[in-house]
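Some notes on the structure that comes next.
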Amino acid sequence: EINMLLMSHLEEMTDWPEVQLQLGQVSGLALDSNDNLVIFHRGDHRWEVSSFDNQRVYQQRSLGPIQQSTILVVDPVKGNVLRKVYAGKGFTDKNNDYWVTDVALHQVFKLGTNGGNQPLVVLGQAFEPGSDRKHFCQPTDVAEDPLTGNIYVSDGYCNSRILKFSPEGNYLMHWGAGSSDRRKRLPFKIPHSLTFLPDKRELCVADRENGRIQCFLAESGEFVKEIKKDEFGGEVFAVSYAPVHGGLIYAVNGESGYGQSVPLKGFVIDYSTKQILDSFSPDSQEFKMPHDIVVSNDGSVFVGDVATDSVIKFVSSESECFLNLTFKILRPSQKAEHRSV
Ligand SMILES: O=C(N[C@@H](O)C(=O)O)c1ccccc1
């Protein structure tokens with residue numbers, strides 16, 4: 001019996017982008033409804049240890065808002081800039097509005113693409129960290145349920161919870177720290193990245209400092225499963241989902257505060273079996289702090305690295321075949337009945 005695990009392998013597309021992108025710290029990636037790549041970066045602002053005081057209050061207000069356009073819409077094939085918009089890590093919803101997080105403001109915005117400087121929805125209070133229903137503490141990501149339009153916020157670098165809001169931004173519920181339901185008071189340590197699984201009606205979270213991915217029912221916040229691998233080395237920075245082949249989870253790991261314990265890589269994981277099907281890293285440079293990952297409909301994978309101010313594209317090489325041969329070795333006793341003596 002031969003189980004052949006035919007797996008292609010992701011390789012860096014070294015000549016992408018064809019034109020150098022002017023990027024600051026790349027904090028987030030998304031794909032819009034035309035499968036264009038959306039890059040969220042910080043322009044000339046850099047998040048360093050001195051950017052916040054011990055109460056997580058932003059210390060660089062004197063710098064003012066980022067003046068560069070912080071949202072670039074980029075052609076995924078060549079990498080040329082199609083449009084410039086502006087703000088943190090986030091994603092685009094089906095109408096190509098942009099939901100973004102801003103760690104300095106402790107806020108989450110829905111920005112319309114159809115111009116207008118006023119956000120369509122604002123969550124959180126400007127420059128005020130907090131942990132009630134109206135405050136975040138350095139929110140890290142947002143995700144949308146495409147069916148209901150409900151919004152999920154991972155909160156945050158200095159909170160440990162996931163909040164759920166209506167499309168208009170009304171608080172619905174939250175789980176993790178401070179949840180009213182003891183069973184949902186899960187100990188996240190920097191819920192850092194979200195991805196919605198539309199075919200499974202689940203939300204998966206990169207629980208960064210716990211080095212694990214946890215998935216929950218979108219409706220109730222009920223825990224479904226955890227994916228934790230030695231290969232992650234204790235840190236998972238970002239997670240993304242592709243509803244193909246029964247569901248594939250893409251993730252990038254990261255360095256712990258104590259240095260690098262394992263190689264920094266991207267991973268392709270079978271959602272159902274939790275098996276790592278492929279792992280990948282760039283050839284032309286090292287990952288330093290891979291911070292977000294997205295998968296386009298054609299299977300191309302983009303990783304944004306916040307420490308090298310870069311976005312790296314990976315495409316599937318010709319199918320390498322990882323033969324996973326399992327020959328059944330029948331022991332002599334099992335052959336006895338056939339052996340002619
Ligand atoms: O993790 C950090 N940052 C990244 O996630 C990011 O830049 O989004 C960070 C933490 C403490 C101080 C400075 C940076």
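Order of listing sets the numbers, starting from 1, for every ligand and every atom in it.
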| Would you call the rings of Phe136 and Phe165 parallel, tilted or perpendicular, where under 30° means parallel and over 60° means perpendicular? | perpendicular

| task | Using the six-membered ring wherever Trp is involved, compare the ring planes of Phe216 and Trp175 and label them parallel, tilted or perpendicular (cut-offs 30° and 60°). | result | tilted

What do you reckon, does [X] put a non-hydrogen atom under 4.0 Å from ligand 1?
X	answer
Arg208	yes
Phe237	no
His291	yes

| request: Any atoms of ligand 1 less than 4.0 Å from a non-hydrogen atom of Val306? List them with their elements. | output: 7 (O)

| query | If you count the atoms of ligand 1 from 1 in the order shown, which ones are under 4.0 Å from a heavy atom of His192? | reply | 5 (O)

| query | Is any side-chain N of the basic residue among Asp132 and Lys134 closer than 4.0 Å to the acidic one's carboxylate O? | reply | no

| Salt bridge between Asp145 and Arg201, side-chain N to carboxylate O under 4.0 Å? | yes

| said: Which residues pass the side chain to side chain contact (heavy atoms under 4.5 Å, CB included) test with Leu120, not counting sequence neighbours? | reply: Asp97, Lys110

| request: Mind checking salt bridge (charged side-chain N to carboxylate O under 4.0 Å, His left out) for Asp199 and listing every partner two or more places apart, or none if nothing turns up? | output: none

| field | N/O separation below 3.5 Å, Tyr157 to ligand 1 | value | yes

| Are any of the N or O atoms of Arg42 closer than 3.5 Å to those of ligand 1? | yes

